[in-house]
Amino acid sequence: FRSLPTAYAAEETDYGILRKTTYERDGQKEIRQKYFMMPNIGLTLPPPATELDDWTPRLSWRVPLNDETTMSFTLARHKPRGEKVADKNWESTDDIVDAIFDGRTRLKDVDLYHPRLFNIQDNTAMAGQGRMHNDREHEWLGRSDIPIVLLRRIYQREMKAAVDGRPIKRWRLPSERLVLGFQPAAE
């Protein structure tokens, strides 16, 4: 798994958003699906960071603590990683992210075997965007931000409906089987 995506798509569903990322591997198109369940739950299957890792489903959710801070929770089942990392005293995620922003280290210098590498990368990406703001005019969104744009539109629509006294959408649990991992693309 080292190919770059060739296409991104997102669609609103009864439960939230279905995100589809298309890859071309060995001449075949494959789609990797990720799920966002309203209002704040993600289900994904991120690729392994090292040879010690497996493709492990992650269920995560973020809870706002105030206007500038969220708390993230993640559930994942990992196989034991072995002696290579067992007795190592790992630096905390927050200390590493602080060191990245202070210029004392770079993200690419973080030990690939760090058990919280996913969180370090995620926190660096989110915090690196700065404070949340309403000035969307100066944002530079790319193709991979298609699900974010859709999510913002849904949040705006639902909040406007609530403010106007209209009913909001009734979100439901997914009725179909959720498929994680790569699937052949329909031609």
Side-chain angles (χ1 to χ4, degrees), residues 1-10 17 19-36 40-65 68-133 135-136 138-149 151-152 180-182:
F1 177 76
R2 290 290 180 225
S3 63
L4 295 174
T6 58
Y8 298 91
I17 296 174
R19 298 164 49 189
K20 294 181 180 181
T21 308
T22 303
Y23 295 84
E24 241 182 86
R25 300 185 328 157
D26 302 324
Q28 301 292 320
K29 285 188 179 182
E30 295 181 320
I31 294 177
R32 184 169 162 225
Q33 297 187 161
K34 302 172 193 171
Y35 304 89
F36 182 82
N40 63 343
I41 298 172
L43 178 61
T44 186
L45 185 71
T50 73
E51 76 280 0
L52 301 178
D53 302 313
D54 284 330
W55 287 81
T56 303
R58 291 181 189 262
L59 180 68
S60 59
W61 60 101
R62 289 193 173 84
V63 179
L65 300 178
E68 298 178 14
T69 310
T70 60
M71 175 80 66
S72 297
F73 301 90
T74 302
L75 295 175
R77 183 174 180 189
H78 298 280
K79 70 177 185 176
R81 298 181 88 211
E83 294 177 17
K84 189 169 191 170
V85 295
D87 296 327
K88 189 162 182 175
N89 187 17
W90 297 100
E91 189 174 0
S92 79
T93 299
D94 289 340
D95 288 347
I96 293 171
V97 172
D98 288 345
I100 291 168
F101 286 124
D102 291 347
R104 292 177 279 133
T105 193
R106 300 174 299 178
L107 184 56
K108 72 178 191 175
D109 296 328
V110 175
D111 189 333
L112 284 178
Y113 296 100
H114 194 293
R116 299 285 174 253
L117 181 62
F118 177 85
N119 302 92
I120 293 165
Q121 293 167 335
D122 209 33
N123 292 359
T124 301
M126 286 190 300
Q129 295 175 41
R131 289 183 61 184
M132 191 172 71
H133 56 84
D135 182 14
R136 302 287 184 217
H138 295 97
E139 268 187 330
W140 291 81
L141 298 176
R143 291 183 311 148
S144 63
D145 294 311
I146 289 171
I148 300 299
V149 172
L151 181 61
R152 286 178 181 172
L180 292 171
F182 287 96

Atom [atom1] in [X], atom [atom2] in [Y]: separation rounded to 0.5 Å?
X    : Y    : atom1 : atom2 : value
T22  : I31  : OG1   : CD1   : 4.5 Å
K34  : L43  : NZ    : CG    : 11.5 Å
F101 : L107 : CZ    : CG    : 9.0 Å
T21  : R143 : OG1   : CZ    : 10.0 Å
I100 : K108 : CD1   : NZ    : 12.5 Å
I146 : I17  : CD1   : CD1   : 11.5 Å

Identify the two heavy atoms, one from [X] and one from [Y], that lie closest to each other, and give their separation to 0.1 Å.
X    : Y    : value
W55  : F182 : CH2-CE1, 3.5 Å
T70  : P64  : CG2-CA, 4.0 Å
P57  : L45  : N-CD1, 3.3 Å
P147 : A10  : CA-CB, 3.8 Å

Side chain to side chain, L180 and Y35, heavy atoms closer than 4.5 Å: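 With C-beta onward as the side chain, the pair touches.
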
4.5 Å side-chain heavy-atom contact, P5 and K20: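 In short, these two side chains do not touch, never coming nearer than 4.5 Å.
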
CA sep, side-chain torsions, deciding dist, call: E91, T105, side-chain contact (heavy atoms from CB on, under 4.5 Å): CA-CA 13 Å; E91 189 174 0; T105 193; over 6 Å; no

Under 3.5 Å: donor-acceptor pair, side chain of R32, backbone of T44: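 It does not hold such a pair.
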
Name every donor-acceptor pair, under 3.5 Å, that has one atom in a side chain of residues 115-124 and the other anywhere in the protein, sequence neighbours excluded.
{"unit_1": "D122", "atom_1": "OD2", "unit_2": "R62", "atom_2": "NH2", "d": "2.3"}
{"unit_1": "T124", "atom_1": "OG1", "unit_2": "I120", "atom_2": "O", "d": "2.7"}

Residue pair Y113, E51: steps toward the side-chain contact (heavy atoms from CB on, under 4.5 Å) verdict: CA-CA 9 Å; Y113 296 100; E51 76 280 0; 2.8 Å; yes

Plane angle bin for F73 and W61 - parallel if under 30°, tilted between 30 and 60°, otherwise perpendicular: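 W61 and F73: parallel rings.
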
